[in-house]
Visitor: 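One structure is given below, represented as structure tokens, and several questions about it will come after.
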Amino acid sequence: MYIVPEAVIDGLLTRADSFQAVEAVFASMARGAARNFPVIREAIGHADALYGFKSGFDRESLALGLKSGGFWPGNAERGLTNHQSTIFLFDADTGQIKAVIGGNLLTALRTAAASAVSIHHLARPDAEVLGMIGAGHQSTFQMRAALEQRKFRRVVAWNREPSMLDRLAAVAEEVGVPFESVTLDRLGAEADVIVTILSSFAPVLMSAQVRPGTHIACMGTDTRGKQEVEPELLARARLFTDEVAQAVSIGECQHAVAQGLVSPEAITPLGAVIAGQQPGRQDETEITLFDGTGVGLQDLAVANAVLIKAIKNGSAIKLG
Ligand code: NAD
């Protein structure tokens with residue numbers, strides 16, 4: 001078996017590698033070849049931590065395994081990331097352990113890849129302005145991956161605490177794209193693509209602020225009760241997701257479904273668009289909305305890809 005420690009992963013997997021891995025597993029899910037198993041998430045009654053497992057199997061890539069980890073709110077004070085995760089891969093033919101792989105950076109990369117895949121398949125080809133809502137840890141990953149999907153000429157951004165936008169401004173400067181901190185009204189009026197990446201429990205972006213033709217990737221809502229946009233916006237949009245069961249229970253769709261504004265049958269798995277089973281955007285005035293809830297198969301897909309690279313360049317530690 002191999003160990004791929006967190007410290008060697010930076011620089012091993014490109015954004016293009018992550019994009020490819022996530023796009024492929026979404027399509028595999030749509031073909032019925034890949035399945036996520038029920039998620040376990042528990043408060044452990046120690047250190048205020050939430051701990052759990054996300055697991056699954058992809059018959060096409062033979063990625064079998066789980067991501068284990070969760071949220072330790074006191075970690076920041078210790079100089080550690082609050083979210084901690086480790087991915088375990090198993091041999092699909094024998095069940096033997098194949099690898100233990102650091103999951104922190106991979107989680108950020110696979111989450112950014114999901115919104116990028118949605119932009120690639122659903123945003124208008126002529127999209128020029130990217131709107132970013134949220135400026136936490138995950139936001140720079142989302143922005144870098146999004147910027148590679150269209151010829152964006154400008155970024156407009158909003159965050160509740162505007163000073164946090166400095167980290168996005170720095171990325172924009174590095175990439176060479178003009179950046180402006182704006183109100184939500186301006187953001188909705190100017191952006192062709194909007195990425196939301198908040199840990200909010202109330203809607204921040206309102207339906208009236210979004211114009212026809214926009215593609216929105218809602219990436220922050222991954223738990224019951226979280227919410228980033230007004231449910232009326234979902235009722236106006238064509239809806240896509242990674243997995244419908246998660247979208248209606250823990251994703252952005254949970255609120256619109258609970259209010260009877262949207263039926264689960266109206267939500268299309270993005271993989272079905274990738275696999276050519278369902279149409280994507282149908283005209284330039286449609287609002288498309290991707291509800292990215294985050295599935296275990298995404299983690300296994302990027303872990304598989306990084307393991308191959310780590311073995312090849314000698315950074316994977318071989319045991320036994
Ligand atoms: P973070 O704590 O670093 O940043 C949180 C962001 O949300 C900041 O921009 C903060 O200003 C904003 N925010 C917090 N409360 C708010 C409120 N009430 N109203 C408006 N804005 C508010 O978190 P992060 O690591 O950047 O993650 C952001 C979100 O993405 C979290 O909810 C996290 O659980 C989620 N996430 C989802 C996936 C997925 O696959 N979908 C993967 C990783 C993280």
Side-chain angles (χ1 to χ4, degrees), residues 18-19 21-22 25-26 29 36 39 41 49-52 54 56 67 69-77 80-85 87 103-118 131-146 157-169 171 181 183-184 187 194-206 209 216-230 240-243 245-247 249-254 270 289-302:
S18 309
F19 182 104
V22 169
V25 80
F26 281 172
M29 284 163 64
N36 291 292
V39 174
R41 197 165 158 89
L50 284 175
Y51 172 74
K54 281 187 168 183
K67 178 165 88 170
F71 186 73
W72 273 258
N75 272 8
E77 284 166 26
L80 298 169
T81 312
N82 287 349
H83 285 99
Q84 288 292 329
S85 55
I87 300 167
N104 294 350
L105 179 59
L106 290 182
T107 299
L109 290 172
R110 65 76 146 148
T111 305
S115 54
V117 170
S118 84
M132 290 295 306
I133 299 182
H137 168 74
Q138 189 60 42
S139 64
T140 57
F141 292 93
Q142 304 301 138
M143 182 169 135
R144 282 183 195 277
W158 179 91
N159 196 59
R160 189 180 58 173
E161 301 87 9
S163 62
M164 287 173 72
L165 289 168
D166 288 355
R167 55 165 32 125
L168 291 180
V171 171
S181 159
T183 62
L184 283 168
L187 189 145
I194 299 174
V195 177
T196 60
I197 183 74
L198 302 168
S199 44
S200 165
F201 285 81
V204 167
L205 182 68
M206 299 298 154
Q209 289 169 320
I216 307 156
C218 291
M219 302 304 299
T221 298
D222 56 359
T223 304
R224 193 176 299 277
K226 278 191 187 170
Q227 188 172 18
E228 298 181 298
V229 305
E230 196 180 27
F240 300 85
T241 188
D242 40 25
E243 189 178 85
Q246 282 205 171
S249 55
I250 59 168
E252 194 61 39
C253 290
Q254 63 181 291
L270 181 55
L289 188 148
F290 173 66
D291 182 1
T293 64
V295 293
L297 282 168
Q298 282 171 256
D299 298 299
L300 303 187
V302 289

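When a ligand or atom number is given, it counts from 1 through the structure's own listing order. These values consider heavy atoms only, across backbone and side chains, with no hydrogens, waters or symmetry-generated copies. Since this is a predicted model, take the numbers as computed values, not measurements.
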Visitor: Look at atom CD of Glu77 and say whether more than 12 heavy atoms of other residues, nucleotides or ligands are closer to it than 6.0 Å.
Guide: no

Visitor: Around atom 27 (O) of ligand 1, find the nearest protein heavy atom and jot down its residue, atom name and distance.
Guide: Gln138 CB, 3.9 Å

Visitor: Please confirm whether Gln298 comes under 4.0 Å of ligand 1, counting heavy atoms of the residue only.
Guide: no

Visitor: With no hydrogens and no angle check, do the side chains of Ser85 and Lys54 hold a donor and an acceptor under 3.5 Å apart?
Guide: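 No, no side-chain donor-acceptor pair sits under 3.5 Å.
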
Visitor: Quick one: look up the protein heavy atom nearest atom 4 (O) of ligand 1 and list residue, atom name and how far away it is.
Guide: Gly136 CA, 3.3 Å

Visitor: Which residue and atom name correspond to the protein heavy atom nearest atom 18 (N) of ligand 1, and how close is it?
Guide: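 Here the nearest protein heavy atom works out to Arg160 NH1, 3.1 Å.
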
Visitor: Donor-acceptor pair, Gln246 side chain versus Gly251 backbone, under 3.5 Å?
Guide: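 Checking the backbone N and O of Gly251 against the side chain of Gln246, no donor-acceptor pair under 3.5 Å is found.
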
Visitor: Under the 3.5 angstrom rule, does the side chain of Gln138 hit a backbone N or O of Ala108 as a donor-acceptor pair?
Guide: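 Confirmed, Gln138 side chain pairs with Ala108 backbone.
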
Visitor: Among protein heavy atoms, which sits nearest to atom 36 (N) of ligand 1, and what does the distance come to when rounded to 0.1 Å?
Guide: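 That would be Asp222 OD2, 3.4 Å.
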
Visitor: Out of Pro203, Ala108, Ser199, who gets a non-hydrogen atom closest to atom 5 (C) of ligand 1?
Guide: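 Minimum heavy-atom distance to atom 5 (C) of ligand 1 goes to Ser199.
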
Visitor: Suppose we measure from atom 21 (N) of ligand 1 to each protein heavy atom; which comes out shortest, and what is that distance?
Guide: Leu198 CD2, 3.6 Å

Visitor: Please work out, at 4.0 Å between heavy atoms, whether the side chain, the backbone, both, or neither of Thr111 comes within that distance of ligand 1.
Guide: side chain

Visitor: Which one of Thr107, Val25, Val22, Leu106 satisfies the side-chain contact (heavy atoms from CB on, under 4.5 Å) criterion with Asp299?
Guide: Thr107

Visitor: Using a 3.5 Å distance criterion without hydrogens, assess whether the side chain of Asp242 forms a donor-acceptor pair with backbone atoms of Gly294.
Guide: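 A pair under 3.5 Å: yes.
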
Visitor: Would you check the N or O atoms of Ser139, main chain and side chain alike, for any that come under 3.5 Å of an N or O of ligand 1?
Guide: no

Visitor: Whether the side chain of Thr81 engages the backbone of His83 through a donor-acceptor N/O pair (distance < 3.5 Å, no angle test) should be reported.
Guide: no

Visitor: Is the backbone N or O of Arg110 less than 3.5 Å from a side-chain atom of Ser18, with the two atoms forming a donor-acceptor pair by type?
Guide: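 No: the side chain of Ser18 does not pair with the backbone of Arg110.
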
Visitor: Check Arg167 against Ala135 and note the closest heavy-atom contact, atom names and distance.
Guide: NH1-O, 2.7 Å

Visitor: Checking a contact table here: which protein heavy atom is nearest atom 32 (O) of ligand 1, and how many Å away?
Guide: Lys226 NZ, 2.8 Å

Visitor: Number the atoms of ligand 1 from 1 as they appear, then name those within less than 4.0 Å of a heavy atom of Ala135, with their elements.
Guide: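 In order of numbering, the contacting atoms are 9 (O).
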
Visitor: For atom 9 (O) of ligand 1, what's the nearest protein heavy atom and its distance?
Guide: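 Result: Asn159 OD1, 2.7 Å.
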
Visitor: What do you reckon, does Met219 have a nitrogen or oxygen under 3.5 Å from a nitrogen or oxygen of ligand 1?
Guide: yes

Visitor: Within the distance-only criterion (no hydrogens, no angle test), does the side chain of Glu228 pair as donor or acceptor with the backbone N or O of Glu252 below 3.5 angstrom?
Guide: no

Visitor: Heavy-atom pairs closer than 4.0 Å: do any link ligand 1 to the side chain of Thr221, the backbone, both, or neither?
Guide: neither

Visitor: Under 3.5 Å between any N/O of Gly134 and any N/O of ligand 1: does that happen in this structure?
Guide: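 Min N/O separation from ligand 1 is not below 3.5 Å for Gly134.
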
Visitor: Identify, by atom number and element, the atoms of ligand 1 in contact range of Gly294, meaning under 4.0 Å from any of its heavy atoms.
Guide: 40 (O), 41 (N)

Visitor: Side chain, backbone, both or neither: which part of His137 has a heavy atom under 4.0 Å from ligand 1?
Guide: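 Both of them.
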
Visitor: Number the atoms of ligand 1 from 1 as they appear, then name those within less than 4.0 Å of a heavy atom of Glu161, with their elements.
Guide: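 The list of qualifying atoms is 10 (C), 11 (O).
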
Visitor: Tell me the protein heavy atom at minimum distance from atom 30 (O) of ligand 1, and give that distance in Å.
Guide: Ile197 CD1, 3.3 Å

Visitor: Measure across Asp291 and Ala247 and return the closest heavy-atom pair with its distance rounded to 0.1 Å.
Guide: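 Looking at all heavy atoms of both residues, the shortest contact is OD2-CB, 3.4 Å.
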
Visitor: With side chains defined as the heavy atoms from C-beta onward, is the minimum distance between Val229 and Val204 less than 4.5 Å?
Guide: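 SC-SC contact between Val229 and Val204 ruled out.
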
